[in-house]
Visitor: 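Starting off with a structure, shown below.
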Amino acid sequence: MMVPEANSPVEWQIFDAPIDYERAVAAMERRVAAIRAGLAPECVWLLEHPPLYTAGTSARPDDLLVPDRFPVYRTGRGGQFTYHGPGQRVAYVMLDLKRRGGDLRRYIADLEGWLIATLARFGVTAEIRPDRVGVWVVHEDGREEKIAAIGVRVRRWVSYHGIALNVAPNLDHFTGIVPCGIREHGVTSLAALGIAVGMAEVDAALRASFAEQFACDLVDVAEKDASML
């Protein structure tokens with residue numbers, strides 16, 4: 001667990017309406033610079049995007065199976081192709097990792113632990129695999145499906161991008177790509193597992209688990225308007 005040198009609160013902000021991807025990335029860039037300069041606190045933004053595909057720094061062109069289905073954005077985060085859309089909770093996490101020990105592997109492990117603890121609150125047992133990125137659910141017949149993706153970038157020890165948890169997205173939208181370059185395993189969601197929960201319930205679980213996993217206090221930012229970005 002990454003413990004900060006001083007337990008200053010992390011801002012926690014939820015946006016109601018789907019937010020344009022390029023706008024969100026530009027806002028993250030500005031916030032990362034402000035955190036690095038000591039002008040803004042660390043923060044977590046929870047939001048949804050309109051349907052789109054993103055290509056990480058390791059994305060292979062052949063893994064974009066239907067190029068014209070949704071907009072495709074090249075991004076500086078690690079990883080390969082992934083999908084974002086309504087019904088998926090995206091969390092952009094901007095933390096000063098140097099103040100938290102300067103351990104990138106520990107940070108990724110904490111993101112994984114955060115997702116696993118959140119899913120456990122809904123009775124879902126999730127696991128990680130050393131040869132695959134993300135968080136996985138194992139079915140009784142042995143099938144493994146990804147329920148959450150992780151893709152991060154770090155600039156001068158400040159993190160951004162983050163995680164995407166499938167709550168109730170249209171899973172058919174994933175068929176336009178090879179998610180994270182993994183062909184032999186599928187994707188799932190809380191809804192597909194028969195767990196009918198609203199986004200507000202998921203957000204509450206994410207909040208409680210984040211505070212525990214990252215050993216920090218959270219302060220809610222009241223504004224929920226995308227114009228804040």
Visitor: With sequence neighbours excluded, what pairs up with Arg74 under the salt bridge (Lys or Arg N to Asp or Glu O under 4.0 Å) test?
Guide: none

Visitor: Should Leu104 and Leu115 be regarded as members of a common hydrophobic cluster, given that ILVMFWY residues are connected when their side-chain heavy atoms come within less than 4.5 Å of each other, either directly or indirectly?
Guide: yes

Visitor: For Tyr160 and Arg155, which I'm curious about, is there any donor-acceptor pair between the side chains at under 3.5 Å?
Guide: yes

Visitor: Taking the basic N atoms (NZ, or NE/NH1/NH2) and the acidic carboxylate oxygens, is any pair closer than 4.0 Å for Arg106 and Asp110?
Guide: yes

Visitor: Taking the side chain from Asp63 and the backbone from Val178, do they hold a donor-acceptor pair closer than 3.5 Å?
Guide: no

Visitor: Answer with yes or no whether the hydrophobic clustering places Val124 together with Val138; edges join I, L, V, M, F, W, Y residues whose side-chain heavy atoms lie under 4.5 Å apart.
Guide: no

Visitor: Taking all non-hydrogen atoms of both residues into account, name the closest pair between Val93 and Ser159 and its distance.
Guide: O-OG, 2.9 Å

Visitor: Looking at Arg77, Gln80, His161, which hits side-chain hydrogen bond (donor to acceptor under 3.5 Å, both in side chains) with Thr54?
Guide: Arg77

Visitor: Given the rule in the salt bridge (charged side-chain N to carboxylate O under 4.0 Å, His left out) test, do Arg121 and Glu212 qualify, once you have shown the distances and angles that lead to the verdict?
Guide: CA-CA 13 Å; Arg121 293 174 184 267; Glu212 293 173 358; 3.3 Å; yes

Visitor: Would you call Met94 and Pro41 a side-chain contact if the rule is heavy atoms closer than 4.5 Å?
Guide: no

Visitor: Among Arg132, His185, His139, which residue satisfies the side-chain hydrogen bond (donor to acceptor under 3.5 Å, both in side chains) criterion with Glu144?
Guide: Arg132

Visitor: Taking the side chain from Glu48 and the backbone from Gly87, do they hold a donor-acceptor pair closer than 3.5 Å?
Guide: yes

Visitor: If you group Ile, Leu, Val, Met, Phe, Trp and Tyr whenever their side-chain heavy atoms sit less than 4.5 Å apart, what else falls in with Val72?
Guide: Tyr53, Leu64, Phe70, Phe81, Tyr83, Leu171, Phe174, Ile177, Val187

Visitor: Does the plane of the ring in His49 sit parallel, tilted or perpendicular to the ring in His84? Use 30° and 60° as the thresholds.
Guide: tilted

Visitor: Taking the basic N atoms (NZ, or NE/NH1/NH2) and the acidic carboxylate oxygens, is any pair closer than 4.0 Å for Asp141 and Arg143?
Guide: yes

Visitor: Can you confirm whether the side chains of Thr57 and Arg153 place a donor and an acceptor under 3.5 Å from each other?
Guide: no

Visitor: Looking at every heavy atom in both Ile128 and Gly134, which two are closest together, and how far apart are they?
Guide: CG2-O, 3.8 Å

Visitor: Could you walk me through whether Arg99 and Trp157 pass side chain to side chain contact (heavy atoms under 4.5 Å, CB included), step by step?
Guide: CA-CA 9 Å; Arg99 190 169 65 88; Trp157 287 110; over 6 Å; no

Visitor: Looking only at heavy atoms, what is the nearest atom pair of Ala168 and Ala191, with distance?
Guide: CB-CB, 3.7 Å

Visitor: Taking all non-hydrogen atoms of both residues, which atom of Gly176 and which atom of Arg69 are closest, and how far apart?
Guide: N-NH1, 3.6 Å

Visitor: Do Leu95 and Tyr107 come within less than 4.5 Å of each other through their side chains, counting heavy atoms only?
Guide: yes

Visitor: Any idea which heavy atoms bring Val44 and Leu46 closest together, and the distance?
Guide: CG1-CD1, 3.4 Å

Visitor: Would you name the heavy atoms of Ile150 and Val133 that are closest together and state the gap between them?
Guide: O-CG1, 3.5 Å

Visitor: Picking from Leu190, Thr125, Leu193, Ile195, what satisfies side-chain contact (heavy atoms from CB on, under 4.5 Å) with Leu119?
Guide: Leu190

Visitor: For the pair Trp12 and Trp114, name the ring-plane relationship: parallel under 30°, tilted 30 to 60°, perpendicular over 60°.
Guide: perpendicular

Visitor: With a 4.5 Å limit on heavy-atom distance, are the side chains of Trp136 and Ile116 in contact?
Guide: no

Visitor: What's the verdict on side chain to side chain contact (heavy atoms under 4.5 Å, CB included) for Arg207 and Asp203, showing C-alpha distance, side-chain angles and the deciding distance?
Guide: CA-CA 6 Å; Arg207 191 187 193 284; Asp203 291 345; over 6 Å; no

Visitor: In terms of hydrophobic clustering (I, L, V, M, F, W, Y; side-chain heavy atoms under 4.5 Å; direct or indirect links), are Tyr73 and Leu47 co-clustered?
Guide: yes

Visitor: Taking Glu42 for its side chain and Val10 for its backbone only, find out whether a donor-acceptor pair lies under 3.5 Å.
Guide: no

